[in-house]
Number of protein chains: 2
Amino acid sequence: MATLGELERSVMDVLWDSTDALTAGDIRDDLAHGNAAGVGKELAVTTVLTVLSRLEAKNFVTRERDSRPHLFSASTSRAAHMAELMHEVLGAAPDREAVLARFVGQVSPREADALRRILAGK
Amino acid sequence: MATLGELERSVMDVLWDSTDALTAGDIRDDLAHGNAAGVGKELAVTTVLTVLSRLEAKNFVTRERDSRPHLFSASTSRAAHMAELMHEVLGAAPDREAVLARFVGQVSPREADALRRILAGK
DNA sequence: AATTCCTTTCTACACTATGTAGAAGTTGAT
DNA sequence: ATCAACTTCTACATAGTGTAGAAAGGAATT
């Protein structure tokens with residue numbers, strides 16, 4: 001999968017944190033004033049649109065062209081994306097089980113429990 | 001953690017696949033003829049040395065300066081590195097458990113068993 | 001129909017990381 | 001002191017990303 005730059009990532013965060021589709025302007029404002037990671041970025045709308053186009057090309061974002069200010073939304077949930085990234089890392093290892101062992105070894109007890117629960121219902 | 005380019009990654013693979021420390025020349029040869037991922041790369045030794053320096057700066061590689069052709073080895077095991085990468089991804093998510101759920105959901109039955117085993121002995 | 005305003009697309013440039021390697025410098029051996 | 005091997009320095013090309021103005025498109029309004 002393609003990797004994301006910092007601004008691209010911030011934009012995705014805004015989209016992931018929003019239930020509904022957003023315009024470039026909405027995103028611009030969120031990046032400027034929103035509580036999220038993009039704290040304090042004063043960007044031109046064209047900048048946001050450029051980034052959105054790139055994200056669209058990378059299939060991270062879906063664009064509704066029929067709405068007049070185009071509406072953008074994440075094509076995948078954050079959780080799905082993150083999980084895929086993790087699988088990508090894992091897939092690059094010849095010794096997958098060793099990696100899993102290390103990975104689980106460093107997980108907090110709370111999360112170890114979560115994992116057990118998840119694995120039980122499967 | 002810093003991210004690795006393709007050649008950097010190939011060099012790390014050579015080091016990870018080797019039990020003992022290697023010289024730049026060794027690595028160069030492995031990349032050229034070795035079975036690993038670097039298939040068929042005909043590189044100048046200086047190129048390999050540059051990459052090794054960069055990897056050293058990123059703390060991926062340890063250099064023994066007292067040996068005359070310097071000896072290089074991976075500072076971390078591949079499994080540890082991969083596990084750390086996975087934790088890094090996970091750490092960037094606000095909804096960690098959701099990510100874990102997705103992740104485990106896409107794991108093969110064989111690996112699910114491995115996970116259960118690992119979690120049991122913990 | 002022409003104008004205007006909003007929106008999108010095109011074009012452009014700077015900066016960084018990475019791949020790549022020759023030139024220059026260093027050092028141990030003869 | 002010289003030579004050969006090795007390392008470090010310097011340099012350039014390419015690609016990805018951040019950034020945004022200029023140009024173009026389209027819809028409402030006069």
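Just so it is clear: chains get the letters A, B, ... in the order the sequence lines come, proteins before strands, and each one is counted from 1.
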Joint cluster assignment, B/Trp16 & A/Val89, ILVMFWY side-chain distance < 4.5 Å: yes
B/Arg68 side-chain N/O to D/dA4 phosphate OP1/OP2 under 4.0 Å: no
Side-chain H-bond candidate by donor/acceptor type, A/Ser10 with A/Asp13, under 3.5 Å: no
Student check: side-chain heavy atoms of B/Phe60 and B/Leu15 closer than 4.5 Å: no
Short N-O contact, A/Arg54 and A/Glu8, less than 4.0 angstrom: no
Interatomic distance, B/Asp66 CG vs C/dG28 P [rounded to whole Å]: 12 Å
Gap between atoms CG and C1', on B/Asp26 and D/dA5 respectively (whole Å): 15 Å
Distance, rounded to the nearest Å, where B/Arg65 contributes CZ and C/dG28 contributes P: 14 Å
Separation of C/dT7 P from A/Glu64 CD (nearest whole Å): 16 Å
Atom pair distance, as rounded to whole Å: CG in A/Leu49 and C1' in D/dA23: 15 Å
Length of the CE-C1' vector between A/Met12 and D/dT17, whole Å: 16 Å
Gap between atoms CZ and C1', on A/Phe60 and D/dT17 respectively (whole Å): 14 Å
Strictly under 3.5 Å: I want the nitrogen or oxygen pairs between protein and nucleotides 17-22 of chain C, one per line.
| unit_1 | atom_1 | unit_2 | atom_2 | d |
| --- | --- | --- | --- | --- |
| C/dT18 | OP1 | B/Thr3 | O | 3.0 |
| C/dT18 | OP2 | B/Lys58 | NZ | 2.8 |
| C/dG19 | OP1 | B/Glu6 | N | 2.6 |
| C/dG19 | OP1 | B/Leu7 | N | 2.4 |
| C/dG19 | N7 | B/Arg54 | NH1 | 2.8 |
| C/dG19 | O6 | B/Arg54 | NH2 | 3.4 |
| C/dT20 | O4 | B/Arg54 | NH2 | 3.4 |
| C/dA21 | OP2 | B/Ala44 | N | 3.2 |
| C/dA21 | OP2 | B/Thr47 | OG1 | 3.1 |
| C/dA21 | N6 | B/Thr50 | OG1 | 2.9 |

Residue pairs passing the side chain to side chain donor-acceptor pair (under 3.5 Å) test where at least one lies in residues 100-109 of chain A, sequence neighbours excluded: none
Below 4.0 Å: OP1/OP2 of D/dC6 and any side-chain N or O of B/Arg63: no
Residues A/Leu7, A/Thr47; criterion side chain to side chain contact (heavy atoms under 4.5 Å, CB included); working and verdict: CA-CA 10 Å; A/Leu7 178 55; A/Thr47 299; 4.1 Å; yes
